[in-house]
Number of protein chains: 2
Amino acid sequence: MRRGLEFKKKARIIIVDDNYEHLNGVRELIEIESDFDVVATATSASVAISLIKKYRPEIVLMDINMPEKDGLTAIAEIEKLDLGVRTIALTGYDDPDLIFRAMKIGAKGYILKTMASAQLIYAIDEVAAGKIYLPNTLSSRFFEYFQKSFKEEIQSISDEENLLNYLTQREEEVLDLLTQGITYKGVAQKLFISETTVKTHVNNIFQKLQVNDRTQAVLYALNNGFLNKRKVKIAI
Amino acid sequence: MRRGLEFKKKARIIIVDDNYEHLNGVRELIEIESDFDVVATATSASVAISLIKKYRPEIVLMDINMPEKDGLTAIAEIEKLDLGVRTIALTGYDDPDLIFRAMKIGAKGYILKTMASAQLIYAIDEVAAGKIYLPNTLSSRFFEYFQKSFKEEIQSISDEENLLNYLTQREEEVLDLLTQGITYKGVAQKLFISETTVKTHVNNIFQKLQVNDRTQAVLYALNNGFLNKRKVKIAI
DNA sequence: CCTGATGTAGACCACGTGGTTAATGTTAAT
DNA sequence: ATTAACATTAACCACGTGGTCTACATCAGG
């Protein structure tokens, strides 16, 4: 709250890039073309972490194409510090997987080195203003990847021969309790039936799921979206 | 491949909206301001599905704020048909959860009714061109939600008192095999140790995880990112 | 040097679990 | 009306499992 007023203008930035020329290029660009204040630069992720702890900048421009400790891990560590530092990933590649992982771990922006300098300034502006910024072309790539992975996940669950579909309603209830680590006796009490009945159901479940014991049954249920079915299907 | 040439211009569109006035407004807008061809309209999701099967449009504009069968479910069904139809969600609310779910199930675009008409045309253009389009403000909202849910997931796994951290390396190996539904005997063979030793390890695991049986141990391991630890931590 | 953590192993026992067979009542579909 | 599917229960047995206690070897750190 208090901090909100401070960085309305003159956001403080740290730039991290193992390429010295590019580092200085970006630095000059920002110092000339924008109101931002480059408080430090680093050519390695580990140094960057120290500097971030020291200077507490609002923004970090992080090159993702570094050897040693790679940029993604660095971003993850910065996020873990939880200092409110907002990191923008800077890279040469528009690989969807890279974009996805960067955003996943908390990057607030993602810019290609090949993009126009105005684009970079704009991105910093947006991110400094508290937004998350991805250029349209990259966000499009991101979403394709995002949807693809989700589609595969859903298909692997609901598609093909999901043996869970052969279970009767009662058997599903029993399996549901099994996936909570409850014993025969416990299930019997919860369902108000005898322990023997539970055993029968469980045995039928084993046969239908083609497994030998409760652990395997539970694993099958979990891996094939027994619980997720509600999440994925009903609660879209 | 063959289809790629056909809809370079004159993409065929179906509009779905339970509000009749708005439906016609959008229709006129598209017919006047763009090159697209509105081949049909519908005021309910179920009718829309039939029309889509019949006309096989390239684009579907789907209102999300409908009663009866809601728009999200409709989009999911359309995706399931797998006809290559690209759906754009149209709604009054910029609720992050709604945006997230729409994109999750396969919407190729998401536009607010309050946005300028040019914005809508542009969105259709982009989506018809095979891209996925979210206006910057909405994509920013999406990413906040996306990152928040991921952060929570990671924290719930790695944070706080994760009892898995107290396991020794050997115990982790044993637990790993337990999570594959393997018995004492099987574990003993795989690790080249006696069955008794396995039992000792397993008992120690139970105590450390504060559970009573293998099923609960497996569940604890799965719920607290035993396997995910690698995925989440190492393979960022 | 010695303590503590770890991995290994055996023995014992109570109990939960898995496999099988048989039987009954209910309900839905043919 | 008859069948098929399902839910229910019993009795039995073999075996896996969980709990406890004891014991020994190794190795790192104080």
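Whole-Å rounding puts the Ile182(B) CD1 to dG16(D) P distance at 15 Å. Atom CD1 of Ile205(B) and atom P of dT6(C) are 13 Å apart (whole Å). Between the CG atom of Leu178(B) and the C1' atom of dG16(D) there is a distance of 13 Å, given to the nearest Å. Residue Lys208(A) contributes atom NZ, which lies 11 Å from atom C1' of dA7(D) at whole-angstrom precision. A straight line from CG of Leu167(A) to P of dA5(D) spans 16 Å, rounded to a whole angstrom. Across the protein-nucleic acid pair, Arg170(A) atom CZ and dT27(C) atom C1' stand 15 Å apart, rounded to whole Å. The distance from atom CG of Asn204(B) to atom P of dT17(D) is 17 Å, rounded to the nearest whole Å. Rounded to whole angstrom, the span from the CD atom of Gln207(B) across to the P atom of dG19(D) amounts to 8 Å.
For Lys208(B), the salt bridge (Lys or Arg N to Asp or Glu O under 4.0 Å) test picks out Glu171(B), with sequence neighbours left out. Remark: Asp37(B) pairs with Lys10(B), Arg12(B), Val39(B) by the side-chain contact (heavy atoms from CB on, under 4.5 Å) rule, at least two apart or across chains.
Within 6.0 Å of NZ on Lys113(B) lie more than 12 heavy atoms contributed by other residues, nucleotides or ligands.
Counted by atom type alone, Ser194(B) and Thr197(B) present one or more donor-acceptor pairs between their side chains at under 3.5 Å. Side-chain contact check for Asp97(A) and Tyr145(A): at least one donor-acceptor pair (N or O, by modelled atom type) lies under 3.5 Å. Checked by atom type, the side-chain pair Thr43(B)/Asp18(B) shows no donor-acceptor distance below 3.5 Å.
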Practice prompt. Check the pair Lys108(B) / Glu79(B) against salt bridge (charged side-chain N to carboxylate O under 4.0 Å, His left out), numbers first and verdict last.
Written response: CA-CA 10 Å; Lys108(B) 299 297 184 294; Glu79(B) 284 301 313; 3.5 Å; yes
Practice prompt. Test ring-ring contact (aromatic ring centres under 6.0 Å, His included) on Tyr110(A) and Phe142(A) and set out the steps.
Written response: CA-CA 11 Å; Tyr110(A) 190 109; Phe142(A) 170 91; 9.7 Å; no
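For residues 210-218 of chain B, proximity to DNA chain C is found at no residue, defined as any non-hydrogen atom under 4.0 angstrom from a strand atom. Taking every heavy atom of residues 185-201 of chain B and every atom of DNA chain D, pairs under 4.0 Å involve Lys185(B), Lys199(B), by number.
Between Glu77(A) and Lys80(A) no salt bridge is recorded (no basic side-chain N to carboxylate O distance below 4.0 Å).
Residue Asn203(A) places at least one side-chain N or O closer than 4.0 Å to OP1 or OP2 of dG19(C). The shortest distance between the side-chain N/O atoms of Tyr184(A) and the OP1/OP2 oxygens of dG18(C) is below 4.0 Å.
To the nearest 0.5 Å, atom CG of residue Leu177(A) and atom CG of residue Leu191(A) are 5.0 Å apart.
Comparing the helix axis at one end of the helix from dT3(C)-dA28(D) to dT30(C)-dA1(D) with that at the other, each defined from 5 consecutive pairs, gives an inter-axis angle of 50° (nearest 10°).
Between Lys148(B) and Glu144(B), every side-chain heavy-atom pair lies at or beyond the 4.5 Å cut-off.
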Please enumerate all protein N or O atoms sitting under 3.5 Å from an N or O of nucleotides 27-30 of chain D, with distances to 0.1 Å.
none

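Only one option out of Ile52(A), Val38(A), Ile15(A), Ile13(A) pairs with Pro57(A) in a side-chain contact (heavy atoms from CB on, under 4.5 Å); it is Ile52(A).
Of the candidate nucleotides dT17(D), dG18(D), dA7(D), dA7(D) has the atom nearest to the side chain of Glu171(A).
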